[in-house]
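For reference, positions follow the sequence shown, starting with 1.
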Amino acid sequence: RKMYEEELESERVFEEQVIEQETYLLVRNAVDKLPPQMRKIIRYSLDGMSNPQIAKEMGIGEGSVKSLKQTAYRKLRAQLKGHFYLLLFI
């Protein structure tokens with residue numbers, strides 16, 4: 001019985017890791033398809049940078065960062081909507 005439970009747990013962990021990797025690749029590929037400036041903003045954002053930090057780094061206004069980020073998120077949602085079920089698992 002204990003062996004069976006350990007095997008089930010191992011399968012569950014493996015499945016979670018596969019789903020996490022697939023999700024990461026889907027999101028990364030979607031980000032890679034964004035226009036260069038949006039791609040850069042999203043990558044900075046995913047790295048934990050705030051809008052003011054991104055604006056300073058890129059030499060653009062905070063309002064531009066916010067606007068470009070919103071547009072990028074809309075594009076990402078549209079690209080990833082068919083894969084939404086995977087995002088539920090992470």
For the residue pair V31 and L76, what are the closest heavy atoms and their distance?
N-CD2, 3.7 Å
Which heavy atom of L68 sits nearest to which heavy atom of M38, and what is that distance?
O-CG, 3.8 Å
pair I60-Q37: side-chain heavy atoms closer than 4.5 Å
yes
As an exercise, state the distance from CZ of R12 to CD of Q17, rounded to the nearest 0.5 Å.
10.0 Å
The reported gap from CZ in R74 to NZ in K69 (rounded to nearest 0.5 angstrom) is 14.0 Å
Quick check: does any side chain N or O of S45 sit under 3.5 Å from a backbone N or O of I41, one acting as donor and the other as acceptor?
no
Side-chain heavy atoms under 4.5 angstrom apart, residues restricted to Ile, Leu, Val, Met, Phe, Trp, Tyr: same cluster for Y24 and L80?
no
Under the side-chain contact (heavy atoms from CB on, under 4.5 Å) rule, collect the residues that match up with E15, sequence neighbours excluded.
I19
Which pairs with one or both residues in residues 36-63 pass salt bridge (charged side-chain N to carboxylate O under 4.0 Å, His left out), sequence neighbours excluded?
D32-R43
Heavy-atom count around Y73 OH within 6.0 Å, excluding the residue itself: above 12?
yes
Examine the side chains of S50 and Q53 and answer whether a donor and an acceptor come within less than 3.5 Å of each other.
yes
